[in-house]
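Values reported hereafter were calculated over all heavy atoms of this structure, with side chains retained and with hydrogens, waters and symmetry mates removed.
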Amino acid sequence: MNKIVKIAFVFLLGLSTLQAQNSQKAKALLDDVSKKVKSYDNIMIDFKYALNNQKENINQESKGNVTLKGNLYNLNFMGVSKIFDGKKIYTIVPEDEEISISKYDEDDKDAITPNKMLTFFNSGYKYNWDILQNIKGRKIQYVKLVPISSRDKRKEILIGVDVQTKNIYNLIEIGKNGTRTTLTVNSFKTNQPLSKNHFTFTESKYPDYYINRLD
């Protein structure tokens with residue numbers, strides 16, 4: 001009996017060590033991704049977004065694009081544009097001819113913004129090394145994130161990283177309610193020439209829009 005206990009102990013110890021190594025390897029890969037992102041002057045991304053929930057029979061797809069430069073961003077998604085100039089967020093809805101202007105809260109760490117899309121994974125998760133896939137000739141290594149907070153509505157998140165470029169290929173969020181959202185990067189360009197007004201809201205362009213000032 002003692003021999004069996006010892007074997008089981010050694011097995012569990014080895015399994016625990018392997019899990020720790022895999023976690024460290026996963027975190028190291030994401031650290032490389034963060035370093036790469038911070039090395040660019042700006043980033044331009046074209047992406048595809050898909051939302052699926054088989055239980056609720058929901059299948060939605062949409063495309064969008066975003067330009068990032070430090071904390072600044074210019075996002076176009078599902079017919080809505082969002083511009084952050086470093087101080088205020090401008091949400092432009094052409095369908096309603098309405099613009100909302102709100103102040104950015106630096107203390108709101110839970111705020112989900114486009115500029116966090118490539119770095120949100122730096123804290124608040126358990127890291128696991130996942131599968132390696134060959135997608136259209138590209139080696140994509142997946143890292144599985146499990147939220148530490150039990151209040152998080154997400155069960156897990158998979159981040160697909162291009163092994164060669166260390167850029168993110170896709171993000172897959174799986175909710176506790178069965179909802180699966182996938183964001184796939186179709187185009188990833190860096191250090192592009194941008195106009196000086198790329199992150200500037202010009203009110204004169206929208207003379208007939210209703211402006212809702214929340215700032």
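Surrounding NZ of Lys27 are more than 12 heavy atoms belonging to other residues, nucleotides or ligands, all under 6.0 Å away. No more than 12 heavy atoms of other residues, nucleotides or ligands shown are found within 6.0 angstrom of CG on Asn57.
Side-chain N/O atoms of Asp85 and Thr200 include no donor and acceptor closer than 3.5 Å.
Atom CD1 of Ile159 is separated from atom CG of Leu183 by 11.5 Å, given to the nearest 0.5 angstrom. A distance of 11.5 Å separates OH in Tyr127 from CG in Leu29, rounded to the nearest 0.5 Å. Atom CD1 of Ile172 is separated from atom NZ of Lys144 by 11.0 Å, given to the nearest 0.5 angstrom. Atom CD1 of Ile174 is separated from atom CD1 of Ile157 by 9.5 Å, given to the nearest 0.5 angstrom. Rounding to the nearest 0.5 angstrom, the gap separating the OG atom in Ser62 from the CZ atom in Phe77 is 4.5 Å. Rounding to the nearest 0.5 Å gives a distance of 8.0 Å between CG of Leu30 and CG of Asn122.
The list of salt bridge (Lys or Arg N to Asp or Glu O under 4.0 Å) pairs with a residue in residues 197-211, not counting sequence neighbours, reads Glu203-Arg213. For residues 144-170, no residue pair satisfies the ring-ring contact (aromatic ring centres under 6.0 Å, His included) rule, not counting sequence neighbours.
Ion pairing between a basic and an acidic side chain is recognised when a charged N comes within 4.0 Å of a carboxylate O; Arg138 and Asp162 show such pairing. Between Lys35 and Asp31 there is no salt bridge, since no side-chain nitrogen of the basic residue lies less than 4.0 Å from a carboxylate oxygen of the acidic one.
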Could you pull out all donor-acceptor pairs under 3.5 Å where a side-chain atom in residues 37-53 meets a protein atom, sequence neighbours excluded?
unit_1 : atom_1 : unit_2 : atom_2 : d
Ser39  : OG     : Lys36  : O      : 2.6
Tyr40  : OH     : Asn167 : OD1    : 3.3
Asp41  : OD1    : Lys69  : NZ     : 2.9
Asp41  : OD2    : Lys69  : NZ     : 3.0
Asn42  : OD1    : Asn191 : N      : 3.3
Asn42  : OD1    : Gln192 : N      : 2.8
Asn42  : ND2    : Gln192 : O      : 2.9
Asn52  : ND2    : Asn59  : OD1    : 2.6
Asn53  : OD1    : Lys55  : N      : 3.1
Asn53  : OD1    : Glu56  : N      : 3.0
Asn53  : ND2    : Thr179 : OG1    : 2.9

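With sequence neighbours left out, the side-chain hydrogen bond (donor to acceptor under 3.5 Å, both in side chains) criterion links Ser100 to no other residue. Tyr142 meets the side-chain hydrogen bond (donor to acceptor under 3.5 Å, both in side chains) test with Asn170; sequence neighbours excluded. For Asp152, the side-chain hydrogen bond (donor to acceptor under 3.5 Å, both in side chains) test picks out Arg154, with sequence neighbours left out.
You'll find the side chain of Ile140 stays beyond 4.5 Å of the side chain of Leu132, heavy atoms only.
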Original post:
Checking side-chain hydrogen bond (donor to acceptor under 3.5 Å, both in side chains) for the pair Ser81/Asn76: CA distance, chi angles, key distance, verdict?
Top reply: CA-CA 4 Å; Ser81 297; Asn76 298 287; 2.6 Å; yes

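The ring pair (Phe, Tyr, Trp, His ring centres under 6.0 Å) test with Tyr90 singles out one residue from Phe201, Phe84, Tyr73, and that residue is Phe201.
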